[in-house]
Amino acid sequence: MSETVIRTENLVHVYPRGEVKALKGVNLEIKKDDVVSIIGQNGSGKTTLVRHFNGLLKPTSGKVYLFDEDTEGQSVAEMSRRCGYVFQNPNHQIFTTKVIEELEVGPRNFNFTAAEMKESIERVVELMDLKDILEQHPMTLDYTTKKIVTIASVLAFKPEVLILDEPTGGLDEVGRQMLTRIINMMHDEGHTVIMISHDMDYVAENSSRVIVMCQGEVLDDNVPEKIFLNSEVLEKAQVEPPQITQLDLFLSAGKNEETILSVEKFINKYNAKRGGNN
Amino acid sequence: MANPIIEVKNYSYKYDGSDVIVLKDLSFTINEGDFVGIVGCNKAGKSTLCKSLVGILPFVAGGSWSGEIIVDGKSLNETRGSGVTDVIGIVFQDAESQFTQQTVEDEIAFAMCNFGYSRELMIERVKFAAEACGLSSMYDRSPYHLSGGQQQRLAVASILALQPRVIILDESTSQLDPIGRDEVFRLVRELHRQGKTIIMVDHNIEMLAEYADKILVLHEGELVAYDESHKVFTNKELLNRHSVRVPQVTDAALGLKETYTGNSGTPITLKEAEEYFAGLKGRGDQHE
């Protein structure tokens with residue numbers, strides 16, 4: 001049984017001057033080997049939820065446990081050291097004048113030794129192919145590259161949990177493939193990945209678990225093969241399955257127990273059917 | 001007879017202080033009423049092209065170029081880009097960064113103020129643009145307090161008020177949730193139906209396949225394809241070579257080509273795929 005890294009108990013959040021509960025008593029357990037996607041329309045509470053994991057937000061009531069420790073009283077620094085958070089908009093995260101400095105911020109703040117910092121930065125530079133832009137001003141980079149830099153700057157301090165808020169927004173195909181490599185690497189190294197995403201093609205193919213949120217509550221929490229079958233929940237959360245899933249659902253006319261999430265699986269399924277009956 | 005609204009002739013462009021030629025000898029024509037999707041990976045030159053079509057590059061922000069771009073019969077080399085906003089309006093990826101005003105109404109009127117429109121005409125145009133973009137009930141709202149989809153619609157409204165014949169959207173949907181994205185695509189489709197020429201840069205291949213008539217593929221500054229959407233999106237080998245996907249349903253149809261022949265041509269949209277794969281519906285024992 002995989003270790004629990006994050007647990008919430010009746011987590012409620014009301015923003016200052018807010019009248020509605022942005023989170024209405026959320027109970028969740030996130031396991032160490034989860035690659036979990038949180039989906040739902042804007043305003044459903046996705047970002048509010050994950051900002052409790054690194055201390056950017058504090059519960060109005062309820063509890064958040066990080067590695068079995070109650071986070072009440074823990075500082076943002078302590079929590080974000082373990083839960084690295086990549087903002088949706090890279091412009092909200094970048095604040096230095098060189099890419100290399102941006103990468104150094106985390107390790108320096110978290111007291112890496114010079115040798116540790118060097119090793120860690122060399123690793124992300126290699127991993128994310130940044131060596132040619134280290135001296136550039138991050139704000140002069142195109143959007144995709146900025147986004148890659150912000151992910152790299154979080155990976156540089158080696159968090160145990162990586163939280164990605166809308167990681168594929170504005171990324172091209174090459175950027176998406178790089179993101180997938182990073183997610184797989186984190187997973188292989190025994191870390192946890194949590195992403196918030198509207199990109200259902202990406203969620204379907206790259207998550208081991210999907211949490212559907214709507215109006216501050218968890219509507220469903222399951223493997224993606226089951227989530228995308230639940231049309232009632234998807235409709236309520238205003239989420240559309242990937243195109244290939246919609247096609248499979250149309251062809252199988254509701255007789256599926258699990259659905260197809262990728263083109264590759266679609267081809268296997270319909271090829272196998274023909275082969276089996278020929 | 002097709003009326004060319006934008007003609008690009010052997011156009012190349014390079015930013016100041018850089019040796020990289022970002023656009024390389026591009027030649028193509030966009031006709032009035034076309035809906036052109038522009039695809040390509042990072043550094044393909046998509047945004048540089050959009051800015052060149054409206055003369056921001058090179059005439060405002062600098063850089064060196066060769067060749068010419070002709071908009072509505074006038075060469076930008078001669079006009080230095082002046083007057084192009086009468087023909088083309090452009091919406092950028094991050095709508096919020098282009099807002100300057102405190103209310104939706106003022107934001108829509110802002111460009112017209114700069115062009116010295118009369119008050120009466122401004123009021124009329126604000127009304128027209130707000131209605132077209134579904135913002136009539138939001139005149140007094142702050143642009144910064146709108147949802148992502150509403151912000152993009154406001155950005156479209158503020159250029160629509162100038163009544164351009166061409167609207168360019170440069171990755172306008174990439175930061176939006178599916179509801180916001182659909183709002184923008186629906187608005188753009190409606191404007192296209194009303195006769196506007198649409199040029200849309202987007203990474204969402206499935207949406208472009210559904211909406212655009214033509215697709216232009218850029219790769220490292222070169223034009224590698226410009227044709228009807230069907231022809232481009234079914235050319236998997238070409239697109240993959242330039243790091244662009246084909247729509248999922250197209251990929252599925254091509255992948256099953258050896259064992260399944262559909263009733264119709266290779267699909268690029270879900271609706272087409274439902275027809276194409278109808279022979280596999282409901283059971284697994286279909287034979288050709």
Side-chain angles (χ1 to χ4, degrees), chain A residues 39-44 46 88-89 91 141-145 147-148 166 168-178 197-201 204 237-240 242-248 250-255 260 262-278, chain B residues 39-44 46-47 93-94 96-97 147-149 171 173-182 203-206 209-210 239-240 242-256 258-260 267 269-270 273-274 276-288:
Chain A
I39 65 174
Q41 59 177 306
N42 281 354
S44 60
K46 307 182 299 289
Q88 174 174 4
N89 186 340
N91 296 330
L141 302 171
D142 64 82
Y143 193 88
T144 301
T145 314
K147 194 123 187 170
I148 299 286
E166 289 297 345
T168 61
L171 284 196
D172 63 4
E173 210 38 41
V174 178
R176 285 161 73 98
Q177 287 165 12
M178 183 184 286
S197 185
H198 293 308
D199 185 338
M200 290 309 129
D201 298 5
Q238 295 185 282
V239 168
E240 228 176 38
Q243 190 182 48
I244 200 68
T245 307
Q246 292 183 53
L247 180 61
D248 179 50
F250 170 80
L251 294 176
S252 55
K255 289 178 192 157
I260 292 296
S262 68
V263 172
E264 197 187 345
K265 286 180 184 154
F266 181 93
I267 291 171
N268 286 341
K269 173 174 173 177
Y270 288 95
N271 246 341
K273 277 188 171 179
R274 303 192 54 74
N277 288 287
N278 272 339
Chain B
V39 299
C41 64
N42 197 15
K43 299 192 179 77
K46 306 184 295 293
S47 292
Q93 180 176 29
D94 184 3
E96 205 179 88
S97 66
S147 72
E171 294 203 30
T173 70
S174 67
Q175 297 306 314
L176 303 181
D177 68 355
I179 300 169
R181 181 198 66 201
D182 291 350
H203 288 301
N204 194 319
I205 299 299
E206 279 77 16
E210 200 177 320
L239 290 181
N240 285 177
H242 299 104
S243 303
V244 178
R245 288 191 300 119
V246 300
Q248 287 192 324
V249 292
T250 312
D251 209 5
L254 295 174
L256 286 167
E258 302 294 315
T259 53
Y260 180 77
T269 66
L270 182 60
E274 288 177 355
Y276 179 89
F277 284 111
L280 294 174
K281 191 166 189 229
R283 52 189 195 272
D285 56 356
Q286 278 292 303
H287 293 265
E288 280 158 44

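Quick note on labels: first sequence line is chain A, next is B, and so on, each numbered from 1. Just so it is clear, the structure is predicted and the values come from calculations on it, not from any experiment.
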Rounded to the nearest 0.5 Å, how far does [atom2] of [Y] lie from [atom1] of [X]?
| X | Y | atom1 | atom2 | answer |
| --- | --- | --- | --- | --- |
| A/Arg176 | B/Cys41 | CZ | SG | 13.5 Å |
| A/Ile267 | B/Glu258 | CD1 | CD | 11.0 Å |
| B/Asp251 | A/Ser262 | CG | OG | 10.0 Å |
| B/Asn204 | A/Asp199 | CG | CG | 8.0 Å |
| A/Ser197 | B/Asp177 | OG | CG | 11.0 Å |
| B/Leu256 | A/Tyr270 | CG | OH | 9.5 Å |

Could you report the tightest heavy-atom contact between [X] and [Y], atom names first, then the distance?
| X | Y | result |
| --- | --- | --- |
| A/Gln243 | B/Glu206 | OE1-CG, 3.0 Å |
| B/Ala252 | A/Ile244 | CB-CD1, 3.6 Å |
| B/Leu176 | A/His198 | O-CD2, 4.0 Å |

**OP:** Please step through side chain to side chain contact (heavy atoms under 4.5 Å, CB included) for the pair A/Leu247 and B/Glu274, ending with a clear verdict.
**Re:** CA-CA 7 Å; A/Leu247 180 61; B/Glu274 288 177 355; 4.2 Å; yes

Would you mind checking which part of [X] comes under 4.5 Å of any heavy atom in chain B, side chain (CB onward), backbone (N, CA, C, O), both or neither?
| X | value |
| --- | --- |
| A/Asn42 | both |
| A/Asn91 | side chain |
| A/Glu166 | neither |

Subject >> For B/Phe277, all residues meeting ring-ring contact (aromatic ring centres under 6.0 Å, His included), sequence neighbours excluded >> reply: A/Phe266, B/Tyr260

Structural part of [X] lying under 4.5 Å from a heavy atom of chain A:
| X | answer |
| --- | --- |
| B/Thr269 | backbone |
| B/Leu270 | both |
| B/Ile205 | neither |

Original post:
For chain B, which of A/Thr145, A/Leu171, A/Val174, A/Asn89 has the most heavy-atom pairs under 4.5 Å?
Top reply: A/Leu171

Original post:
Backbone N or O of B/Ser243 within a donor-acceptor pair of the A/Glu173 side chain at under 3.5 Å?
Top reply: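 No, because the side chain of A/Glu173 does not come within donor-acceptor range (under 3.5 Å) of the backbone of B/Ser243.
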
**OP:** Please answer whether the main-chain N or O of B/Asn42 pairs with a side-chain N or O of A/Asp172 as donor and acceptor at a distance below 3.5 Å.
**Re:**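 Flag set: sc A/Asp172 to bb B/Asn42 pair under 3.5 Å.
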
Original post:
With side chains defined as the heavy atoms from C-beta onward, is the minimum distance between B/Pro178 and A/Gln238 less than 4.5 Å?
Top reply: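 Heavy-atom side-chain distance check fails, nothing below 4.5 Å.
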
